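Here is the structure we will look at, set down as structure tokens.
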Protein chains: 2
Amino acid sequence: MSLTHALLGLIAARPSSGYELTKLFQGSLAHAWSARHSQIYPALAKLRAQGLIVQREEGARRRKVYEITEAGLAEMRRWLIETEPERSNRNQAILRAFFLWLISAEEAEAYLRREAEYHRQQLARFREITASGSFVTPSTGLVLEWGTRYEEALADWAERAADAVAPKRRRRVSEGPSPPRRTHT
Amino acid sequence: MSLTHALLGLIAARPSSGYELTKLFQGSLAHAWSARHSQIYPALAKLRAQGLIVQREEGARRRKVYEITEAGLAEMRRWLIETEPERSNRNQAILRAFFLWLISAEEAEAYLRREAEYHRQQLARFREITASGSFVTPSTGLVLEWGTRYEEALADWAERAADAVAPKRRRRVSEGPSPPRRTHT
DNA sequence: CCGGGCATGTAACTCGTTACATGATTAT
DNA sequence: ATAATCATGTAACGAGTTACATGCCCGG
């Protein structure tokens, strides 16, 4: 299970509380995985019960700081070395692209320009994080490199797709045979 | 809800049965969204109850063919034009990259080379689909263009990352300050 | 003294997967 | 005949989100 191992790996990098881990999932980690506090706290309790983490201190505001155990580290390495990553992808923005032929060329273009704009902003964000050097784990550099490439590729794709569907000079959304050209109302 | 609109959009492109839709989710659509038949059949029943699709024929082997209604088309356009795409991403392979510092440079390199290989295969698959011209909807071309770019970018990233972590000439997984260099056992 | 951020938890619900179950038609 | 594939469903479970709930500590 990914959440379990994400928590384990973050705690391996630095002993943390549930609250801190929640913040990490909102930061540069959000690009690869996300989780809310309501999912994190029960997961931590379970990891603790399994002996993969231990609660060392209890700080101010009843803050609970967890550290990884030897068993936890072993489990983390087993996961990385012996198991294959799950290859399921869900991207709603790309899913929508399948259905852009249902709206007018102007509307499809507007959608794709907004997408391009969004990903250019994300790209800027990644460049800032990279410049700031705030690393979640020692191998965060690899991930930031990917994030940058990904946002660049998406922004570029969306921009070109927007150009391709733009109604200027009779271009069309469709690229398949016999375009249905259903523009609504 | 994405599944609902994915079904609606696919049926808009061509009247289909639950079985056919299930197959589509395993093909080129899988890259953007996936669903199993156990989720699809109840969803279709719900869409039908809402009047967004209708069951026209009932063919051999009690096959049920659904068509989109005007209300269904309107809902699809509303979704595309008026709602923002959900931006949550989950990529277990990238999540793992955060934790590669926990294993040896050799193991991390092996992981990244396997990743590169996997994505080169996916890239080949996308090129085949593009060449075969089997389009799920008339705007499938846009999506295939993205799929190709995505797999290319990932394969390239994984290969370069593998080079970067390779133990030759004292290179290391870590790119952060003071690399912990924990190689197990 | 009180508002905001720190900090942790539970409950109800939806979404998605795995497993169970069954019937119909075609090709060998 | 019988195996494979077509075809449709339900049940049980696990993962993930939203909403509810509460207490602690610091700064103004």
Side-chain angles (χ1 to χ4, degrees), chain A residues 1-8 10-11 15-27 29-50 53 55-66 79 83-92 95, chain B residues 1-8 10-11 15-27 29-50 53 55-66 79 83-92 95:
Chain A
M1 214 231 303
S2 291
L3 175 63
T4 300
H5 292 98
L7 291 170
L8 226 38
L10 291 172
I11 293 168
S16 314
S17 67
Y19 190 82
E20 286 172 313
L21 293 163
T22 302
K23 297 277 147 171
L24 290 180
F25 277 105
Q26 293 164 8
L29 196 69
H31 186 254
W33 210 266
S34 69
R36 310 292 165 93
H37 78 274
S38 60
Q39 200 182 1
I40 291 168
Y41 289 117
L44 287 171
K46 210 174 158 188
L47 283 172
R48 193 189 176 190
Q50 291 174 280
I53 56 174
Q55 188 197 321
R56 228 7 89 82
E57 334 156 33
E58 168 132 7
R61 291 160 168 160
R62 73 201 196 287
R63 183 167 172 269
K64 294 177 181 175
V65 179
Y66 296 99
W79 181 68
T83 69
E84 274 292 296
E86 221 197 278
R87 307 324 191 142
S88 64
N89 257 332
R90 283 195 153 87
N91 190 329
Q92 202 193 87
L95 179 67
Chain B
M1 218 231 302
S2 292
L3 175 63
T4 301
H5 292 97
L7 291 170
L8 227 38
L10 291 172
I11 293 169
S16 314
S17 66
Y19 190 81
E20 287 171 313
L21 293 163
T22 302
K23 297 276 149 172
L24 290 179
F25 277 105
Q26 292 164 8
L29 197 70
H31 186 253
W33 209 264
S34 69
R36 309 292 165 92
H37 78 274
S38 60
Q39 201 182 0
I40 291 168
Y41 290 117
L44 287 172
K46 211 174 157 190
L47 282 172
R48 192 189 177 190
Q50 290 174 282
I53 57 175
Q55 187 197 323
R56 225 9 88 80
E57 334 155 35
E58 168 132 6
R61 290 160 168 159
R62 71 198 199 286
R63 182 166 172 269
K64 296 178 180 175
V65 179
Y66 297 99
W79 182 66
T83 69
E84 272 293 295
E86 220 195 277
R87 275 44 166 91
S88 64
N89 258 331
R90 282 196 153 87
N91 190 328
Q92 203 194 87
L95 178 66

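Just so it is clear, the values below take in all heavy atoms, side chains as well, and ignore hydrogens, waters and symmetry mates. Every chain is numbered from 1, with letters handed out A, B, ... down the list of sequences. This structure is a prediction, so every number in the text was calculated from the model and none was measured.
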Notebook entry, point to check: Are Leu29(A) and Leu95(B) close enough that some pair of their side-chain heavy atoms sits under 4.5 Å apart?
Noted result: yes
Using whole Å, what does the distance between atom [atom2] of nucleotide [N] and atom [atom1] of [X] come to?
{"X": "Met1(B)", "N": "dG16(D)", "atom1": "CE", "atom2": "C1'", "value": "15 Å"}
{"X": "Tyr66(B)", "N": "dA7(D)", "atom1": "OH", "atom2": "P", "value": "13 Å"}
{"X": "Leu44(B)", "N": "dA7(D)", "atom1": "CG", "atom2": "C1'", "value": "13 Å"}
{"X": "His5(A)", "N": "dA15(D)", "atom1": "NE2", "atom2": "P", "value": "12 Å"}
{"X": "Arg36(B)", "N": "dT17(C)", "atom1": "CZ", "atom2": "P", "value": "5 Å"}
{"X": "Arg62(A)", "N": "dG9(C)", "atom1": "CZ", "atom2": "P", "value": "7 Å"}

Notebook entry, point to check: Looking only at N and O atoms, is any donor in the side chain of Ser38(B) or the base of dT18(C) less than 3.5 Å from an acceptor on the other one?
Noted result: yes
Check: Near Arg87(A) CZ, under 6.0 Å, is it more than 12 heavy atoms from other residues, nucleotides or ligands?
Finding: yes
Checklist line | Sugar-phosphate only, base, or nothing, as touched by Arg63(B) at under 4.0 Å among non-hydrogen atoms | finding: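 Sugar-phosphate, backbone atoms only, no base.
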Next item on the list: Scan Thr22(A) against the nucleic acid and name what it touches under 4.0 Å (heavy atoms): base, sugar-phosphate only, or nothing.
Entry: nothing
Rounded distance [0.5 Å steps], [atom1] in [X] versus [atom2] in [Y]:
{"X": "Leu24(A)", "Y": "Leu10(A)", "atom1": "CG", "atom2": "CG", "value": "5.5 Å"}
{"X": "Phe25(A)", "Y": "Arg36(A)", "atom1": "CZ", "atom2": "CZ", "value": "12.0 Å"}
{"X": "Ser2(B)", "Y": "Leu7(B)", "atom1": "OG", "atom2": "CG", "value": "10.5 Å"}

Does the side chain of [X] get closer than 4.0 angstrom to OP1 or OP2 of [N] through an N or O atom?
{"X": "Arg90(B)", "N": "dG16(D)", "value": "yes"}
{"X": "Lys64(B)", "N": "dG9(D)", "value": "yes"}
{"X": "Lys23(A)", "N": "dC6(C)", "value": "yes"}

Next item on the list: Name the residue closer to the 5' end of DNA chain C, choosing between Arg61(A) and Gln39(A) according to the nucleotide with the nearest heavy atom.
Entry: Arg61(A)
Checklist line | First of Tyr41(B) and His37(A) reached from the 5' end of DNA chain D, by closest nucleotide | finding: Tyr41(B)
Notebook entry, point to check: Which of these nucleotides, dT10(D), dG16(C), dC15(C), is closest to any side-chain atom of Trp33(B)?
Noted result: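 In terms of side-chain proximity for Trp33(B), the closest of dT10(D), dG16(C), dC15(C) is dG16(C).
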Next item on the list: Could you work out which one of dA7(D), dT8(C), dT10(D) sits closest to the side chain of Tyr19(B)?
Entry: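 Of all the options, the side chain of Tyr19(B) is nearest to dA7(D).
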